[in-house]
Novice: 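Starting off with a structure, shown below.
Throughout, numbering of the chain's residues begins at 1 and tracks the sequence. Treat the numbers as computed from the prediction; the structure is a model and nothing was measured.
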Amino acid sequence: MKRMKRLGKKKMILPAILAIILLAVALILIVNSTYTYDPIGSDNFLPNGQSGVLTLRYNGADGKPESEQINYEKAQPVTLPTLSKKGYFFSGWLKGDLYVGNTITPLAKEITLTARFDKDYTAITSPCAVYTNDGACLEYKVGNFASVASKASDVYLDGGYKLTVYSKENFEGKETKVYYSGKFSGDIGSMKVEAVKSDSVAVSALDDTTKLTLLKTFAPRIWWEEDEQYFASSVEFAAENMDKVPGPYGNLYYMKELNSPRYTSEFFYGDLENAKAYAFAVEKEFKYLDLCYFYYAPFNLGKQIAGMEFGDHVGDWEHVSVRLLKETNGGKLTYRPVIVDYSAHFMCNYIAWDEVETIDETHPVAFTARGSHGMWKDCGTHIYVDAFVVQLKDYCSQGTAWDLWEEGKLETYTYDALTHEGKGIGASEWKRDFDIDCGTEGGGVTIWGNVGWRPPIQIYPRMDSAPSGPQHKQSLNDYYTING
């Protein structure tokens, strides 16, 4: 009798569970059927009058973290505080990778900005120095150091050198490559300091003519994957196929025809034959000149996870950068390559110049991944997310070679990382779409494609938002690093 009762309960539970599932599915369909796609994303921001908090975080003069908060109303301009301590530089990014300067107009409930406090590196006489948490400064020359025993807060690395850090003594434990000065979190048990081997280019002065020559000299070869469908285009090709309108973030390009995440267009396949890369020469702190090569692809193909496609979006900006070191050899001014930065999705892969493949000794080789366009130094499979339940992979191969030094492939500019102003050099004219000011009619473009598809109830995000342009990337706006 008890067994029969249990079986009866099971028979009742199963239909109940099925009914709940069907009810949930019906609710999703009903709610989503009433959703009107907003291609410029105005429904994703704070209602009028709602306040928010701006959080500033930075390193104090003693290396200790400090922070302060500023309250604001929606779209209210906020001026960052002027600090009495010398050496602070504020920069930051809003939701959507939008650059923030000394005066910002917040559009999200909380925004985090960072400020860097520079230590006095002028007294260092060695290629490498480690600033420990207790305030000590330990200097190291070229060589292998089997025992360091330091909890570092900052690492100084002179241009032209590379550092390999190990978390344990005798070159064991976690290995980390360091290519420039900055914060270093973690233990240093041992390390190796090496010089980067590369050839110099002699110049008379660093004027616009020299910058143009260097941009062409170090322009990369980009290999498109052999099964690639979504190629690069020019920004003019983008403008012909999208509408430029003001939006909540500032000016944006979008496709008004795109009313479904499954929408497709011939525009998405790009126009590689007439495509351009956009090269920026950017002077940075210490002795560096960064050469940043960007290209625009009209569509980014996402990844398949459990049979569903994540991460599609209209518009895709990718880039590779070459860092040059300023030196004086025999009384002559020279520049030589020391780092190549391959930007892939949310991360950067910094590689020493003597560890990358080159063409004719000056052109670094880069591989752009199939569909998603992540930039890598090698062909093959690259795992960039290795989570518990999923791996995200990029696939690269030698399909079509795109040599950016060839005639007509490159638009060339010089850009000031502190004033955020650029101009064309050589035969190139500055494009207003690259202006940092994106709030004026005809000015810069903040978002290069449609905002993501986000219905009220979504099983999975079929389409993500479009990216920001070159002028909103750290490569151009960060005066200190070669970040992507």
Side-chain angles (χ1 to χ4, degrees), residues 36-45 75 93-101 104-105 107-108 230-261 263-272 274-280 292 294-300 312-319 373 411-413 415 420-424 428-454 463-473 475-477:
T36 301
Y37 171 54
D38 180 0
I40 63 174
S42 59
D43 58 352
N44 293 322
F45 297 91
W93 280 261
L94 296 172
K95 179 180 180 182
D97 287 340
L98 307 191
Y99 176 76
V100 181
I104 65 171
T105 301
L107 294 170
Y230 303 105
F231 292 95
S233 77
S234 65
V235 296
E236 288 82 7
F237 184 75
E240 290 170 3
N241 288 274
M242 295 191 289
D243 293 298
K244 184 177 181 180
V245 298
Y249 288 124
N251 296 320
L252 76 154
Y253 278 117
Y254 83 106
M255 302 183 70
K256 58 186 176 183
E257 301 88 356
L258 194 155
N259 55 13
S260 163
Y263 175 85
T264 188
S265 168
E266 287 295 319
F267 166 61
F268 289 170
Y269 300 110
D271 180 21
L272 188 61
N274 299 301
K276 300 288 186 68
Y278 302 91
F280 301 81
C292 309
F294 285 81
Y295 75 80
Y296 178 81
F299 186 74
N300 178 94
D312 292 0
H313 55 81
V314 178
D316 198 18
W317 278 104
E318 298 295 345
H319 72 277
H373 307 134
E411 295 283 350
T412 48
Y413 312 101
Y415 196 84
H420 317 305
E421 296 177 344
K423 68 175 183 177
S428 300
E429 294 185 3
W430 180 253
K431 299 184 185 302
R432 288 203 64 194
D433 283 349
F434 294 152
D435 283 353
I436 195 71
D437 178 10
C438 300
T440 58
E441 184 178 355
V445 175
T446 300
I447 300 296
W448 288 76
N450 293 53
V451 172
W453 183 267
R454 297 187 181 93
M463 182 172 288
D464 286 344
S465 291
S468 54
Q471 73 271 38
H472 295 116
K473 306 301 187 186
S475 300
L476 269 57
N477 276 300

Novice: I'd like to know if Glu441 pairs up with Lys244 as an ion pair, taking the criterion as any Lys NZ or Arg NE/NH1/NH2 lying under 4.0 Å from an Asp or Glu carboxylate oxygen.
Specialist: no
Novice: Using side-chain heavy atoms (C-beta onward) and a distance below 4.5 Å, is Ser265 in contact with Met255?
Specialist: yes
Novice: Can you see which heavy atom on Tyr253 is nearest to which on Ala239, and at what distance?
Specialist: OH-CB, 3.7 Å
Novice: For ring-ring contact (aromatic ring centres under 6.0 Å, His included), just list the numbers for Tyr230 and Phe268, CA-CA rounded to whole Å, side-chain angles, deciding distance to a tenth of an Å, and then say yes or no.
Specialist: CA-CA 6 Å; Tyr230 303 105; Phe268 289 170; 7.3 Å; no
Novice: I want to know whether Phe237 and Phe267 have ring centres closer than 6.0 Å.
Specialist: yes
Novice: Could you tell me whether the side chain of Asn300 and the main chain of Asp312 form a donor-acceptor pair under 3.5 Å?
Specialist: no
Novice: What is the minimum heavy-atom distance between Pro298 and Ala232, and which atoms define it?
Specialist: CD-C, 4.4 Å
Novice: Is a donor on one side and an acceptor on the other found under 3.5 Å between the side chain of Asn251 and the backbone of Cys438?
Specialist: yes
Novice: Is a side-chain N or O of Gln471 found less than 3.5 angstrom from the main chain of Asp435, in a donor-acceptor match?
Specialist: yes
Novice: How long is the straight-line distance from OG of Ser233 back to CZ of Phe231, given to the nearest 0.5 Å?
Specialist: 12.5 Å
Novice: For the atom pair NZ (Lys256) and CG (Asp243), what is the distance rounded to the nearest 0.5 Å?
Specialist: 4.5 Å
Novice: Measuring only between side-chain heavy atoms, which start at C-beta, is Tyr295 closer than 4.5 Å to Trp317?
Specialist: no
Novice: Please confirm whether the backbone N or O of Ile447 pairs with a side-chain atom of His472, one donor and one acceptor, at under 3.5 Å?
Specialist: no
Novice: Do the side chains of Leu476 and Phe294 get nearer than 4.5 Å, heavy atoms only?
Specialist: yes
Novice: For this output row, return yes or no: ring centroids of Tyr296 and Tyr278 closer than 6.0 angstrom.
Specialist: no
Novice: Tyr415 side chain to His420 main-chain N or O, any donor-acceptor pair under 3.5 Å?
Specialist: yes
Novice: How close do Val445 and Leu252 get, counting heavy atoms only, and between which atoms?
Specialist: CG1-CA, 4.1 Å
Novice: Indicate yes or no: at least one non-hydrogen side-chain atom of Val314 is less than 4.5 angstrom from one of Met242.
Specialist: yes
Novice: Are any of the side-chain heavy atoms of Lys423 and Tyr413 separated by less than 4.5 Å?
Specialist: no
Novice: Give the C-alpha distance, both sets of side-chain angles, the deciding distance and a yes or no for side chain to side chain contact (heavy atoms under 4.5 Å, CB included) between Glu236 and Asn274.
Specialist: CA-CA 10 Å; Glu236 288 82 7; Asn274 299 301; over 6 Å; no
Novice: Within the structure provided, determine whether Pro467 and His313 are in side-chain contact (heavy-atom separation under 4.5 Å).
Specialist: yes
Novice: I'd like to know if the side chain of Ser428 reaches the main chain of Glu411, judged simply by a donor and an acceptor atom lying under 3.5 Å from each other, with no hydrogens or angles considered.
Specialist: no
Novice: Can you list the steps and then say if Val235 with Phe434 is a side chain to side chain contact (heavy atoms under 4.5 Å, CB included)?
Specialist: CA-CA 10 Å; Val235 296; Phe434 294 152; 4.3 Å; yes
Novice: OG/Ser468 to CH2/Trp448 distance, rounded to the nearest 0.5 angstrom?
Specialist: 11.0 Å
Novice: Kindly check if the number of other-residue, nucleotide or ligand heavy atoms within 6.0 Å of CD (Glu257) is above 12?
Specialist: yes
Novice: Less than 4.5 Å apart, any side-chain heavy atom of Val451 and any of Tyr254?
Specialist: no
